[in-house]
Structures are given as C-alpha cells and as structure tokens.
Amino acid sequence: MPWSLTAKRMPDAVMKSGAIVEERYVYEEEAHLTVRKTSLFFAGDGFTAYDCKGELVFRVDSYGPDAGDAGEVVLMDASGRCILTVRRKRPSLHQRWEGFVGEGGDGKKPLFSVRRSSIIGRSSMTVEVYTKPGEEYQIEGSFGCRNCNIFNSEKAIVAEVRRKVDATTNVVLGKDVFVLSLKPGFDAAFAMGLVLILDQIYGSDEDDYADGSLNGNKVGVEPTSEDSSSNPSP
C-alpha cells in the first residue's frame, strides 16, 4: 500500500537533517505524488501534485503562454501559500537555476542551485545545497520521457520520476501525468522544485529523448508497481 504524505513525520533529529525547503514536507514513510500538468501546450504551464488519497499537496499556477519564458516559477501549497521560487540565473554557462524560500528571490540568498554537470563525459544535472555545505545531488535519466532518478552523495536514490500506470487498466498514461516517488526523509517540496526546473529545461524537448536518454545518458527503468498503486482521483 502506498504511503500518504499525511503519514507520520520524521523524528526531530532526522527532520532537521532532511529538510531543505520546509520541515513539514519531510516524512518518515516513502511517499508517492501524482503530478499533473495543468496545461498541455507550453512547458512550465502549471502543475498540481496529489497524494495517494487524492488530496492536493502542491500547485503551480499558469498565467498564459508567456509564463514559461519568465525564467521564474513559484511552487505553492494547496492553500496558495508560496513555498519556493525557482529562478534561472543569467548569464550562466551551464544553465544554472537557483531556489529561494517563499515568493521571489530578490535580496535573498538561494537555498540551492541546479546546473548541467561540467564533468566531461557526464550527462547529468548537479544540485548543490547552499544551506548544507558539501551536500550535493545528481539527477540522471530522461525527464522528457518521465524516467529519471535523483541520487544523493552516497549514490543512493532519494527520489524518482516515472510514467504513471492506471491501476484499473494497467495502461501507461500520457506524459502530462507522472509519479514523483520520495524515499523516507527526502524533502518533498525540494523534490518538486527540482521537477519544476527540469520541466523548464527539458519539458519541451520530449521528442528529442524518445529513446529514453538525456543528452546520451540512457536509462532503462520501467514503471513500477508502486506507480500504479498511487491513483488519486482529484
């Protein structure tokens, strides 16, 4: 049975080590969010994310076809409170994005940054957490194909993006609906912020990665049974 995001939270000591954006989104149990694009026409056009009970957890509103060109996206909770702002840093050699607590980034120090890996022969994204010196993550796979993993510095998977499978028909749904799976102790708001950045960078390039690769970094993980078990009906 999938675990809801309303599951028991982590003990205080673990919460402090796991929270990057907000402690309330760090949970003791593994969690699975169903993420939906609220428009199918433009990358970054808006998202909603539901837990396994069908309750709204996160949302990103769209403000028209030019919203994705602004280089800034705001993640909100179900009530509309701004949790996180992700913003493209310009100029940037490796297409760097930064995340800021709350709404907007002017005058604030970033919580984290995301950039293309600068290591020759490596096709991945590097995530550096400024609030925790030395803490880094790697994103590998194909977000365009909804098939990618987030690894911590110990090379353990802490979050996954997979195509969603309908539990009643066992049919893989379209790319506008996918599952974000979170390992225990990983900040769900942080993970959702990374999803927003990946959508800004790769969301419109799905056809370029039809073979399941991201810049040549092929992956071969099929949708799991956990994907099909989280089937909210928002």
Side-chain angles (χ1 to χ4, degrees), residues 2 4-5 20-22 24-25 31-88 97-105 111-112 114 125 127 139 141-150 159-166 172-182 186-206 209 214 223 227 230-234:
S4 166
L5 281 182
I20 295 173
V21 175
E22 197 165 309
R24 65 177 294 191
Y25 296 110
H32 306 277
L33 294 180
T34 294
V35 184
R36 298 174 181 270
K37 285 185 70 71
T38 55
S39 173
L40 308 182
F41 299 103
F42 302 97
D45 242 2
F47 287 96
T48 52
Y50 299 87
D51 65 17
C52 67
K53 294 182 178 180
E55 297 177 353
L56 181 65
V57 180
F58 300 116
R59 80 181 209 226
V60 177
D61 289 346
S62 170
Y63 299 98
D66 296 327
D69 298 329
E72 182 174 297
V73 185
V74 178
L75 177 69
M76 297 180 288
D77 65 10
S79 68
R81 179 177 64 92
C82 298
I83 302 171
L84 178 71
T85 297
V86 294
R87 173 185 290 182
R88 183 173 182 178
W97 284 70
E98 293 178 326
F100 302 85
V101 67
E103 183 175 8
L111 298 174
F112 63 89
V114 181
M125 305 292 291
V127 183
I139 306 174
S142 170
F143 180 77
C145 291
R146 307 301 188 243
N147 191 357
C148 61
N149 299 321
I150 302 174
E160 302 174 322
V161 171
R162 294 289 182 267
R163 298 283 294 275
K164 183 172 176 62
V165 179
D166 186 275
V172 179
L173 302 180
K175 295 176 184 177
D176 57 303
V177 183
F178 56 93
V179 174
L180 174 61
S181 297
L182 306 161
F186 193 64
D187 189 331
F190 175 51
M192 193 64 197
L194 298 181
V195 166
L196 299 183
I197 292 172
L198 290 171
D199 182 66
Q200 289 289 311
I201 296 174
Y202 299 110
S204 60
D205 298 333
E206 294 174 356
Y209 307 110
L214 171 61
D227 296 342
S230 74
N231 187 33
S233 300

Enquirer: Indicate yes or no: at least one non-hydrogen side-chain atom of F58 is less than 4.5 angstrom from one of V35.
Expert: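 SC-SC contact between F58 and V35 ruled out.
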Enquirer: Decide if atom CD of E103 counts as having more than 12 heavy atoms of other residues, nucleotides or ligands within a radius under 6.0 Å.
Expert: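 Incorrect, the count does not exceed 12.
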Enquirer: Once you round to the nearest 0.5 Å, how far does CE of M125 lie from OH of Y202?
Expert: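 Spacing of CE (M125) from OH (Y202) equals 4.5 Å.
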Enquirer: Are side-chain heavy atoms of F143 and I201 found at a separation under 4.5 Å?
Expert: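 No. Closest side-chain heavy atoms not under 4.5 Å.
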Enquirer: Can we say R87 and E72 salt-bridge, meaning some charged N sits less than 4.0 Å from an Asp/Glu carboxylate O?
Expert: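 Looking at R87 and E72, the cut-off is met.
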Enquirer: Run V86 and Q200 through side chain to side chain contact (heavy atoms under 4.5 Å, CB included) and show every step you take.
Expert: CA-CA 10 Å; V86 294; Q200 289 289 311; 5.8 Å; no
Enquirer: Using the side-chain contact (heavy atoms from CB on, under 4.5 Å) rule, pick out the option among D176, L173, T48 that qualifies with R36.
Expert: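 Exactly one pass, corresponding to T48.
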Enquirer: For A191, check side chain to side chain contact (heavy atoms under 4.5 Å, CB included) against everything at least two apart and list the hits.
Expert: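 Partners of A191 by the side chain to side chain contact (heavy atoms under 4.5 Å, CB included) criterion, ordered by chain and then number, come out as L180, L182, F186.
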Enquirer: Looking only at atom types and distance, does a side-chain atom of R163 sit under 3.5 Å from a main-chain N or O of V177, one as donor and one as acceptor?
Expert: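 Judged by distance alone, no pair lies under 3.5 Å.
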Enquirer: Taking all non-hydrogen atoms of both residues into account, name the closest pair between F47 and K37 and its distance.
Expert: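 Shortest heavy-atom contact: CE2-CG, 3.3 Å.
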Enquirer: Return the minimal non-hydrogen interatomic distance between F178 and K175, and the atom names on each side.
Expert: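 Closest heavy-atom pair between F178 and K175: CD2-O, 3.8 Å.
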Enquirer: Measuring from I139:CD1 to I197:CD1, what's the distance to the nearest 0.5 Å?
Expert: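 Result: 7.5 Å between the selected atoms.
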Enquirer: Give the C-alpha distance, both sets of side-chain angles, the deciding distance and a yes or no for side chain to side chain contact (heavy atoms under 4.5 Å, CB included) between F112 and L84.
Expert: CA-CA 11 Å; F112 63 89; L84 178 71; 4.0 Å; yes
Enquirer: Within a strict 4.5 Å, meaning less than it, do heavy atoms of the M192 and V21 side chains meet?
Expert: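 Heavy-atom side-chain distance check fails, nothing below 4.5 Å.
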Enquirer: Kindly indicate, with the supporting measurements, whether the criterion side chain to side chain contact (heavy atoms under 4.5 Å, CB included) is fulfilled by E160 and S181.
Expert: CA-CA 5 Å; E160 302 174 322; S181 297; 4.3 Å; yes
Enquirer: Tell me the closest heavy-atom pair linking L33 and A49, and the distance in Å.
Expert: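 Nearest pair, atom of L33 first, then A49: CD1-CB, 4.3 Å.
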